[in-house]
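Have a look at the structure below before the remarks.
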Amino acid sequence: MASTYEKIATTTLGSAASSITFSSISSAYTDLVVVVQGTYSTSDDLITLRYNNDTGTNYSDTTMYGNGTSALSYRNTTASAIQVGWYPHPGGAAVVSNMVLHIFNYSNTTTYKTNLSRADTSNVQGAAARVGLWRNTAAVNRIDLIMIAGNLQSGTTATIYGIKAA
């Protein structure tokens, strides 16, 4: 079975912002993919994900990280958002970071929502892979990408794609 990516929307920040929101997401797709490339303003910041503006503590995530010399993993449970991207800012210099987020079965109303994300930072501090869970069966119609501290800088681009099964 082949699948087709369709661009739903792209946001390019004209000024620094602490979040990016995609709303009124159609249920016409099987899965979603979000791609973010940009810089941020605070050292070692994380970008998090919330679905449908839900601020409850019904999110969890597991992270695996490596930088070529060491590796680690950790888990968050009963969190108010899912960690999906990692934006280190070493030595005060802006570093381009990339994040790809896959959201599976987002419009199904009988299952919890799962996602996988991968993030890297221009070979400066490493790469991370994360799996996340939203313990809610509601169809996803809004996605908020939120910095824990600091801002995504002007020029940061986020694009959301819908995947249609062929």
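None of these values were measured; they are calculated from a predicted model. Counting begins at 1 with the first residue of the sequence.
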How about [X] and [Y]: do any of their side-chain heavy atoms sit closer than 4.5 Å?
| X | Y | answer |
| --- | --- | --- |
| T48 | I148 | yes |
| L101 | M99 | yes |
| I143 | L32 | yes |
| L133 | K113 | no |
| F22 | I8 | no |
| N105 | T30 | no |
| L145 | V34 | yes |
| T157 | T11 | no |

Show, in sequence, the C-alpha distance, side-chain angles and deciding distance for T10 and T159, and conclude whether the side-chain hydrogen bond (donor to acceptor under 3.5 Å, both in side chains) test is met. CA-CA 4 Å; T10 296; T159 303; 3.1 Å; yes
Minimum-distance pair of heavy atoms, taken over all atoms of [X] and [Y]:
| X | Y | answer |
| --- | --- | --- |
| A17 | N151 | C-OD1, 3.3 Å |
| R50 | S80 | NE-O, 2.8 Å |
| G85 | A119 | CA-CB, 4.0 Å |
| T77 | R75 | CG2-NE, 3.6 Å |

Indicate, with yes or no, if [Y] and [X] share a hydrophobic cluster defined by side-chain heavy-atom contacts under 4.5 Å among Ile, Leu, Val, Met, Phe, Trp and Tyr.
| X | Y | value |
| --- | --- | --- |
| L49 | L13 | yes |
| F104 | V131 | yes |
| I163 | Y161 | yes |
| V100 | Y5 | yes |
| Y74 | Y65 | yes |

With no hydrogens and no angle check, is any side-chain donor or acceptor of [X] less than 3.5 Å from a backbone partner on [Y]?
| X | Y | value |
| --- | --- | --- |
| K7 | G162 | no |
| K164 | D31 | no |
| N52 | D54 | no |
| T137 | T111 | no |
| R130 | D61 | no |
| S117 | V84 | yes |

Ignoring hydrogens and angles, state whether a donor on the side chain of [X] or [Y] is under 3.5 Å from an acceptor on the partner side chain.
| X | Y | result |
| --- | --- | --- |
| Y59 | Q83 | no |
| S27 | S107 | no |
| R135 | S60 | yes |

Hey, could you give me the [atom1]/[atom2] distance between [X] and [Y], rounded to the nearest 0.5 Å?
| X | Y | atom1 | atom2 | value |
| --- | --- | --- | --- | --- |
| S23 | I160 | OG | CD1 | 10.0 Å |
| I25 | N141 | CD1 | CG | 7.0 Å |
| T21 | I146 | OG1 | CD1 | 7.0 Å |
| I82 | L46 | CD1 | CG | 13.5 Å |
| H102 | L116 | NE2 | CG | 7.5 Å |

Sidechain N-carboxylate O distance under 4.0 Å for R142, D144: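 Judged by the 4.0 Å cut-off on N to carboxylate O distance, R142 and D144 do form a salt bridge.
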Against Y51, only a single residue in N136, N115, N58 fulfils side-chain hydrogen bond (donor to acceptor under 3.5 Å, both in side chains); can you say which?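 Per the side-chain hydrogen bond (donor to acceptor under 3.5 Å, both in side chains) rule, the option paired with Y51 is N115, out of N136, N115, N58.
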